[in-house]
*Asks:* 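Pasting a structure below so you can have a look.
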Amino acid sequence: MSKQKLKRAYKSKDVDMLAACETIIAHALEQKDILQSKRSTWTDTFFTDLQTRIQNCYTEHLGIDSAKELRAATQKVSSVQAQALKDLAEFKIQIQEDFKKDK
């Protein structure tokens, strides 16, 4: 069974449309009290589910792994942190030795 090509109701790229939707839902979450007073079906769950669906579209339909950069950055920070802790321990020892007579 072949996939049907979807007709888009917009002329921009899918990623641009998702980014716009993500921005809109972020602002909607900030103003949810006002929005919920106008429409009772717009519950907290409605907004968070919509936000989750938008974020899932990046990975499921566009193949964009937004957490990939976060994982890489975390690994880099962890490796830098390990060396920094060693350097700080050495620095502490040097300070203690250099100033042990003058506390």
Side-chain angles (χ1 to χ4, degrees):
M1 181 184 234
S2 66
K3 287 188 176 183
Q4 255 184 346
K5 182 160 174 105
L6 297 174
K7 180 156 174 59
R8 304 283 188 247
Y10 50 90
K11 294 182 181 182
S12 64
K13 295 179 182 178
D14 292 340
V15 70
D16 295 336
M17 181 56 71
L18 283 173
C21 291
E22 200 170 28
T23 302
I24 291 168
I25 196 67
H27 289 291
L29 281 165
E30 291 172 3
Q31 302 297 321
K32 69 180 177 182
D33 293 334
I34 295 169
L35 295 170
Q36 288 170 343
S37 72
K38 304 293 180 190
R39 187 166 295 172
S40 63
T41 57
W42 288 353
T43 63
D44 289 348
T45 305
F46 170 82
F47 289 117
T48 55
D49 287 350
L50 185 56
Q51 188 175 40
T52 300
R53 288 178 58 200
I54 291 167
Q55 291 167 349
N56 288 341
C57 283
Y58 284 110
T59 54
E60 292 174 12
H61 300 289
L62 299 180
I64 298 172
D65 183 3
S66 58
K68 181 180 179 182
E69 290 180 25
L70 179 60
R71 286 191 303 273
T74 301
Q75 288 175 341
K76 187 170 185 165
V77 167
S78 295
S79 68
V80 169
Q81 181 183 19
Q83 185 59 46
L85 289 173
K86 289 177 187 176
D87 292 344
L88 284 171
E90 179 65 30
F91 180 71
K92 179 183 175 191
I93 292 169
Q94 294 303 317
I95 294 292
Q96 286 173 334
E97 286 299 312
D98 289 347
F99 295 99
K100 73 172 135 179
K101 292 182 181 177
D102 185 14
K103 293 187 179 199

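Fair warning: this is a prediction, and the values are worked out from it, not measured in the lab.
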*Asks:* Measuring from atom CG of Leu88 to atom CD of Glu90, what distance do you get when rounded to the nearest 0.5 angstrom?
*Replies:*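 Spacing of CG (Leu88) from CD (Glu90) equals 11.0 Å.
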*Asks:* Heavy-atom count check: over 12 atoms from other residues, nucleotides or ligands less than 6.0 Å from Phe91 CZ?
*Replies:*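 Open: at most 12 neighbouring heavy atoms sit under 6.0 Å from CZ of Phe91.
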*Asks:* Report the residue from Thr52, Ile64, Leu62, Leu18 that forms a side-chain contact (heavy atoms from CB on, under 4.5 Å) with Cys57.
*Replies:*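 For Cys57, the side-chain contact (heavy atoms from CB on, under 4.5 Å) test succeeds with only one of Thr52, Ile64, Leu62, Leu18, which is Leu18.
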*Asks:* Give me the one residue out of Ile25, Leu29, Ile24, Thr23 that meets side-chain contact (heavy atoms from CB on, under 4.5 Å) with His27.
*Replies:*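 Testing His27 for a side-chain contact (heavy atoms from CB on, under 4.5 Å) against Ile25, Leu29, Ile24, Thr23 leaves exactly one candidate, Thr23.
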*Asks:* When Phe46 is tested against each of Asp49, Asp44, Thr43 for side-chain contact (heavy atoms from CB on, under 4.5 Å), which residue passes?
*Replies:* Thr43
*Asks:* Roughly how far apart are Arg53 CZ and Glu60 CD, rounded to 0.5 Å?
*Replies:* 10.5 Å
*Asks:* Hey, what do you get for NZ (Lys11) to CZ (Arg8), rounding to the nearest 0.5 Å?
*Replies:*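 Those atoms lie 15.0 Å apart.
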*Asks:* Look up atom CG in Leu35 and atom OG in Ser40, then write down how far apart they are to the nearest 0.5 Å.
*Replies:*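 Result: 12.5 Å between the selected atoms.
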*Asks:* Return the NZ to CD1 distance between Lys32 and Ile34, rounded to the nearest 0.5 Å.
*Replies:*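 Taking NZ in Lys32 and CD1 in Ile34, the distance rounds to 12.5 Å.
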*Asks:* Would you say the side-chain atoms of Gln94 and Asp98 include a donor-acceptor pair closer than 3.5 Å?
*Replies:* no
*Asks:* State, to 0.1 Å, how close Gln36 and Phe47 come at their nearest heavy-atom pair, and which atoms those are.
*Replies:*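 That closest heavy-atom pairing would be NE2-CE1, 4.0 Å.
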